[in-house]
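Atoms considered below: every heavy atom in the structure, side chains included; atoms not considered: hydrogens, waters and symmetry mates. The chains referred to below are lettered A, B, ... by the order of the sequence lines, with proteins before strands, and numbering in each begins at 1.
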Number of protein chains: 2
Amino acid sequence: MTAAAGSAGAPQELDLDAQIAAYQREFPEVDPQVEKVVTALGRLNRRMNVAYGRQLVDLGISSAEWEVLKALVVVGRPYRLGPGDLAKRLGLTPAAMTHRIDRLVTEGLVTRERDEANRVRVIVELTDEGREKWLQTMRLAAAFEDELLQDLNTSERAALGEILIRLLRRVEDSQPDAGGRLEDLD
Amino acid sequence: MTAAAGSAGAPQELDLDAQIAAYQREFPEVDPQVEKVVTALGRLNRRMNVAYGRQLVDLGISSAEWEVLKALVVVGRPYRLGPGDLAKRLGLTPAAMTHRIDRLVTEGLVTRERDEANRVRVIVELTDEGREKWLQTMRLAAAFEDELLQDLNTSERAALGEILIRLLRRVEDSQPDAGGRLEDLD
DNA sequence: GTTGAAGACTTCAGTAGTAAACTTCGAAGC
DNA sequence: GCTTCGAAGTTTACTACTGAAGTCTTCAAC
């Protein structure tokens, strides 16, 4: 889940086949089958992100805020991390985390306090309200995902998952980690 | 293709199974199979975007610039569009397009001139250099995509494409278009 | 015990985006 | 032929991010 926020409107996309045709016209060496898979993948992902983004708007938080809540929930109780650690996990600079935390504190979704045992450190902790907000996002996301996959039976889902994981492993191998900023979340 | 640019480093991600386990621990109602498919999809897409982004860095352009080149190439000769039309296609505000075009003009990848037949309008046209730059991105992207899909035989590729398109159709139906910004491209 | 270096976070300057105000050209009404 | 309206782009104000500089605490060395 990630996505959407601004609102200049969604891009006006060509039909998938028209897009592939344009690629073939302008760059004949392209393999249409490969391009179709890749383009569909990107487009599906984008649409999903738009959907998640709308759900977040309904819940009154931005996807930037959601990312932070998710990172805190995933580490488990007592739902604490330092700003620097959060920044690494989210792929942001510490400076950006400072501001995100400011907003979340203002909204009561996390607290920020100095670590008394080691006063250089700061501890960001999820509040009950923050945890509840995250649970709400999960309920909406799960409903959307169930609907999205409703046309696929169990074996199709398994096959899709297996192929995606195979592809994922291949990119991760060639991209041992490190790297360039990204855009989305899980 | 879209992606990466900044450089606070890539997010430090949990292992896929560990991530699913965390979701199950914190939100037991979740369907692990569904979550696995969705998470793998998002993660694969992100990794791909990182890869595309690196290629663009190597070629000396940003993904913002690349989006504009692509839109112009896709319309075909004489590779012309107005700023407003470009903004709609890319899902940006006209204001943002003004600045993107500024940069592209400075780099010689597009030209901007008033439409003499209708002096309210501006015409953005791809230069030969801009078209060549786009072709270079396609050559790199195609090589990466071939490598990515090398483990899949033709029927697996076809099956994957078919499923993705089925899912895409479902989201597009429930999301008749309109609305929230997005992040990636094709 | 004071000094110096390292680490963790924040602050500052610069960039790219949105939203909204503004400017200009073209078309229509009278 | 002037006036008004609308469409197309640009400018302005504000937000969120990066990268680099700055501040404050801790730890090690002397």
With sequence neighbours excluded, what pairs up with B:L152 under the side chain to side chain contact (heavy atoms under 4.5 Å, CB included) test?
A:I163, A:R166, A:L167, B:L149, B:E156, B:R157, B:L160

So, using side chain to side chain donor-acceptor pair (under 3.5 Å) as the criterion, who are the partners of B:E132 when residues are at least two apart?
B:R139

B:D85 CG to D:dG9 C1', in whole Å, measures 14 Å

Of A:R119 and A:A96, the one whose closest nucleotide on DNA chain D sits nearer the 5' end is A:A96

Residues in contact with DNA chain D, drawn from residues 97-114 of chain A - heavy-atom cutoff 4.0 Å
A:R100, A:R103

Rounded to whole Å, CD1 of B:I61 lies from P of C:dA16 at a distance of 14 Å

Non-neighbouring partners of A:F27 that pass ring pair (Phe, Tyr, Trp, His ring centres under 6.0 Å), sequence neighbours left out
none

Non-hydrogen side-chain atoms of B:L81 and B:V124 separated by less than 4.5 Å
no

Nearest of D:dT26, D:dC17, C:dG17 to any side-chain atom of B:A64?
C:dG17

State which residues pass side chain to side chain donor-acceptor pair (under 3.5 Å) with B:R119; sequence neighbours excluded, sorted by chain then number.
B:E116

One would report the end-axis bend of the helix from C:dG1-D:dC30 to C:dC30-D:dG1, five pairs per end and rounded to 10 degrees, as 10°

With sequence neighbours excluded, residues passing salt bridge (Lys or Arg N to Asp or Glu O under 4.0 Å) with B:D102:
B:R112

Reading nucleotides 2-7 of chain D from 5' to 3' and marking B where a protein heavy atom lies under 4.0 Å of the base, S where only the sugar-phosphate is that close, and - otherwise, the string is ------

According to salt bridge (Lys or Arg N to Asp or Glu O under 4.0 Å), who are the partners of A:D151, at least two apart in sequence or on a separate chain?
B:R170

Can you tell me how far C1' of D:dT18 sits from CG of A:L90, to the nearest Å?
15 Å

Expressed in angstrom and rounded to an integer, what is the separation of A:E67 atom CD from D:dC17 atom P?
8 Å

Just to verify, what does A:D31 make a salt bridge (Lys or Arg N to Asp or Glu O under 4.0 Å) with, not counting sequence neighbours?
none

Quick one: sort the B:Y23 and A:W134 rings into parallel, tilted or perpendicular, breaks at 30° and 60°.
parallel

Spacing between A:I123 atom CD1 and C:dC9 atom C1', to the nearest angstrom
14 Å

Quick check on DNA chain C: between A:P83 and B:N118, whose nearest nucleotide comes earlier from the 5' end?
A:P83

A:E129: salt bridge (Lys or Arg N to Asp or Glu O under 4.0 Å) partners, not counting sequence neighbours
none

Results of ring pair (Phe, Tyr, Trp, His ring centres under 6.0 Å) for B:Y79 - residues two or more places apart only:
none

Gap between atoms CG and C1', on A:L92 and D:dT18 respectively (whole Å):
10 Å

For A:P94, report the nucleic acid contact type (base, sugar-phosphate, nothing); a contact means any heavy atom under 4.0 Å.
base

